[in-house]
Amino acid sequence: MKLTLKVWRQKNAKDSGKFATYQLNEVSPDMSFLEMFDVLNEELVGKGEDPVAFDHDCREGICGMCSMYINGRAHGPMSGTTTCQLHMRKFKDGDTITVEPWRAGAFPVLKDLVVDRSAFDRIIAAGGYVSVNTGSAKDANNIPVPKHDADAAFAAAACIGCGACVAACKNASAMLFASAKISQLALLPQGKVERTDRVLNMVKQMDAEGFGSCTNTGSCEAECPKNISLENIATMNREYLLATVSKQPDFGGTGGAG
Amino acid sequence: MSSKINSRIPEGSLEQKWTTYRSTTALVNPANKRSLEIIVVGSGLAGASAAASLAELGYKVKCFCFQDSPRRAHSIAAQGGINAAKNYQNDGDSVYRLFYDTIKGGDYRAREANVHRLAEVSASIIDQCVAQGVPFAREYGGLLANRSFGGTQVQRTFYASGQTGQQLLLGAYSALERQVGLGSVKMYNRHEMLEIVNIEGKCRGIIARNLVTGEITRHFGHAVLLCTGGYGNVFFLSTNAMGSNVTAAWKAHKKGAFFGNPCFTQIHPTCIPVSGDHQSKLTLMSESLRNDGRIWVPKKQGDTRKASEIPEDERDYYLERRYPAFGNLVPRDVASRAAKERCDAGYGVGASKMAVYLDYTAAIERYGKTKATQLNENNPGEARIRELGKQVVAEKYGNLFEMYEKITGENPYEVPMRIYPAVHYTMGGLWVDYELMTTVPGLYALGEANFSDHGANRLGASALMQGLADGYFVIPYTIGTYLSNEIRTKPVPTDHEAFVEAEKDVRENIARMMNVKGSKTVDHFHKRLGKIMWEKCGMARNEKGLNEAIVEIRALREEFWRDVRIPGSADELNPELEKAGRVADFLELGELMCMDALNRAESCGGHFREESQAEDGEAMRDDANFMYVAAWEYKGNTQFEMHKETLVYEKVKPSQRSYK
Ligand code: FES
């Protein structure tokens with residue numbers, strides 16, 4: 001099939017960037033969206049032009065590296081699907097497709113469709129872990145975990161950290177990402193010990209990175225390629241409330257800490 | 001055994017070696033650890049677990065990855081699970097059994113002492129991961145669930161749905177980020193290691209390129225750990241991530257680290273077949289699918305009927321026919337070769353005819369009937385049985401079926417899946433001794449990057465186990481043996497001539513590539529290399545083909561350096577330049593793989609030499625002549641010399657594998 005591509009081109013972080021239009025004449029419906037970009041890039045290199053830079057690695061929907069904003073939607077039209085798992089049979093001959101990078105203040109563009117998502121790593125470094133050194137763990141079956149909790153923790157832990165939630169949100173909020181980790185660990189006995197500090201520190205880091213606040217529009221959940229649920233945000237808010245109360249015994253009746 | 005290699009296997013009985021080693025090896029006191037610097041290259045299971053554990057001990061760690069975050073490393077894509085000798089199922093598992101299965105599965109080409117240690121530490125890995133909050137699958141009683149995997153007779157595989165690698169990596173990543181937050185690890189994302197730096201015979205650092213700015217930087221370390229994964233992408237098409245490469249290992253090889261068994265590659269039997277020339281990578285369908293699916297091709301050559309139109313008695317369930325004892329659950333290498341044999345003989349299916357069916361019809365029916373009985377439904381109709389059966393199958397394999405449909409556009413609940421083998425894992429890698437040190441003192445290789453534990457064939461659910469064993473539980477001890485002698489070594493300033501020299505080499509190599517300004521893209525060369533490797537050094541190899549491949553690879557390499565075109569410049573984000581550097585290294589490695597395959601005139605594990613097979617087509621090992629590890633030394637100018645590490649089996653008596 002024949003397609004017209006409008007692609008965001010930006011030389012580097014300082015460049016202001018603009019759209020460029022390309023024509024592709026032989027796109028196979030069996031190609032993945034990124035394979036279509038491979039074809040485009042082969043053509044561009046052949047013509048002596050600069051190929052389009054984009055992030056990708058596993059190409060099987062699990063590493064979270066691919067990140068294209070396609071026709072106004074993070075990862076394109078298919079729900080529950082990353083850009084690398086999107087196939088061209090979902091488009092029609094003659095379509096025009098607009099492709100942009102994730103847009104968010106906390107995700108500066110590095111080149112073309114590549115953005116810097118290291119803010120996510122810093123949020124995890126602020127508290128998205130259990131403080132257990134190698135070798136100090138007891139037998140894994142010492143603490144039974146109700147299957148229901150383990151399954152719910154897994155569902156939250158399935159987040160691939162791609163940042164589609166931020167790109168989809170009009171406030172560029174990172175609540176879905178941060179809340180997925182917070183609820184995963186809050187659901188498990190191993191994570192409960194540090195839950196207070198965890199939520200406070202991660203939220204603090206999220207704000208410091210310049211992510212926006214959550215106004216419950218739900219577009220993060222709708223665009224998430226792993227169907228991470230909005231319920232996680234509710235859990236995080238609950239955790240946060242509990243944490244602020246227990247950290248500031250003077251303000252609340254229930255806080256018994258200190 | 002060659003005098004240039006010493007595997008340093010500790011004395012004592014096999015069961016006692018690791019315990020004795022751990023309690024007698026030299027220690028580094030906490031104050032000294034703070035002034036010892038360690039560089040970790042790669043942030044997958046091996047790299048992230050090593051970096052985190054070493055930082056916890058007090059060492060100063062720098063960790064490098066080429067992706068935008070350490071969490072992206074390709075360990076994340078492992079689906080099936082991780083083995084551990086916990087014997088939680090009370091089905092007779094033990095350290096010895098896991099050890100034995102791994103040695104046998106590796107077709108007696110792995111080192112006993114290493115494999116035994118791997119089996120010993122396997123249980124602690126599960127403890128560690130659970131403590132980190134890794135959400136493994138659980139039973140209703142709240143205890144951990146297990147499944148059997150890859151044809152083993154005990155249930156020792158721990159899993160988190162079909163995303164075990166992801167959950168384990170995120171666990172290791174969280175431990176790593178914790179150390180980053182504490183200031184004990186400095187993380188370098190989007191950096192690629194392009195050279196190691198040796199000073200007075202010891203590895204003392206690396207040269208890396210910042211992939212965003214193109215800046216070349218020097219980094220000192222008292223020791224360097226390469227945790228950079230495997231080299232399956234030498235075949236262009238593989239299940240590896242697009243960025244997976246051999247560059248770090250290859251640069252180390254050219255600076256003195258021997259390469260062990262480079263020809264040992266694993267071809268995974270259940271991948272989604274190639275759909276066209278645009279194909280950029282292949283996707284694995286978890287091996288667990290073989291537990292319930294039946295594999296078949298039509299009995300008639302070139303049959304063009306749809307699968308549903310082919311009656312039962314005109315189908316050839318060739319694995320069940322050839323291997324009645326193991327059927328569809330034979331090891332990976334055996335299943336892969338059998339599929340190739342059928343397709344080569346003209347029985348393949350699908351448009352390309354290079355595929356076989358993996359059929360769930362029988363499983364859906366069987367599960368449907370059981371479910372109906374459970375629900376007390378008497379006389380359910382065929383449609384109802386199928387409906388119930390599909391529900392059960394969806395619970396077990398739903399995410400895999402969905403993935404298949406996304407990629408192929410076909411619904412595997414209704415039509416059989418088409419599968420074909422694809423390159424998946426490399427058992428070969430940098431040669432290491434018992435301490436995981438390469439032949440360059442101070443330079444270590446962990447995880448898939450080393451050659452050590454899987455012999456000629458890796459068992460399912462063992463890659464994750466080895467990566468984490470190396471990083472969490474082996475290197476924290478063995479590195480102390482070396483570093484306890486380095487406490488007086490002051491950090492070498494990076495203006496030392498060895499650093500200057502190494503950086504100059506890196507810059508010259510990049511400039512040379514950029515200056516070719518030829519007419520063909522990097523992928524053009526990579527695809528051609530992949531085709532040579534797949535056809536002549538793939539699932540079946542023979543002397544003639546391998547000799548041809550060596551000549552063809554040399555010619556291709558020469559053409560690459562004459563005609564490759566890399567757009568843009570070296571001081572910016574330039575993915576084509578990154579690829580070019582990696583392909584240049586693959587073009588050298590490919591030749592060595594063929595040389596190694598040529599030398600090994602036996603069939604063992606994933607390495608099948610057509611000259612070495614029994615009358616019924618089964619692989620024939622040659623223990624009298626090849627019971628050794630081939631450790632290749634780089635002699636400059638793509639010349640290599642082989643050294644042998646003889647394998648001694650004290651515990652297990654090698655026998656010919658049979659799955660009939
Ligand atoms: S490339 Fe890994 S998720 Fe798309």
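Just so we're on the same page: letters track the sequence lines, and every chain starts at 1.
Interface remark: A/Ile143 contributes backbone atoms only to the contact with chain B (heavy atom separation under 4.5 Å). In this structure, chain B has a heavy atom under 4.5 Å from the side chain of A/Gln184, while its backbone stays farther away. Looking at A/Lys47, the atoms closer than 4.5 Å to chain B (heavy atoms on both sides) all sit in the backbone: N, CA, C or O. With a threshold of 4.5 angstrom between heavy atoms, A/Ser32 does not approach chain B through any atom at all.
Here the rule is side chain to side chain contact (heavy atoms under 4.5 Å, CB included) with A/Ile62, and of B/His74, B/Gln166, B/Gln79 only B/Gln166 fits it.
The greatest number of non-hydrogen atom pairs below 4.5 Å with chain A, out of B/Glu56, B/Glu139, B/Met403, is found for B/Glu56. Between chain B and the options A/Val114, A/Asn141, A/Leu44, A/Val130, the largest number of non-hydrogen pairs under 4.5 Å is found for A/Asn141.
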What do the steps show when you test B/Arg178 against A/Asn133 for side-chain hydrogen bond (donor to acceptor under 3.5 Å, both in side chains), and what is the final call?
CA-CA 10 Å; B/Arg178 172 172 162 243; A/Asn133 283 359; 3.1 Å; yes

What do the steps show when you test A/Glu60 against B/Thr283 for side-chain hydrogen bond (donor to acceptor under 3.5 Å, both in side chains), and what is the final call?
CA-CA 7 Å; A/Glu60 48 188 277; B/Thr283 302; 5.0 Å; no

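With salt bridges taken as basic N to acidic carboxylate O contacts below 4.0 Å, one links B/Glu572 and A/Lys11. For the pair B/Arg72 and A/Asp55, the salt-bridge criterion is not met [side-chain N within less than 4.0 Å of a carboxylate O]. A salt bridge is absent between B/Arg138 and A/Asp149; no separation between the charged side-chain nitrogens and carboxylate oxygens falls under 4.0 Å.
Between A/Val45 and B/Pro567, the closest heavy-atom pair is CG2-CG, 4.0 Å. The two atoms that bring B/Val130 and A/Ala140 nearest to each other are CG2-CB, 3.8 Å, heavy atoms only.
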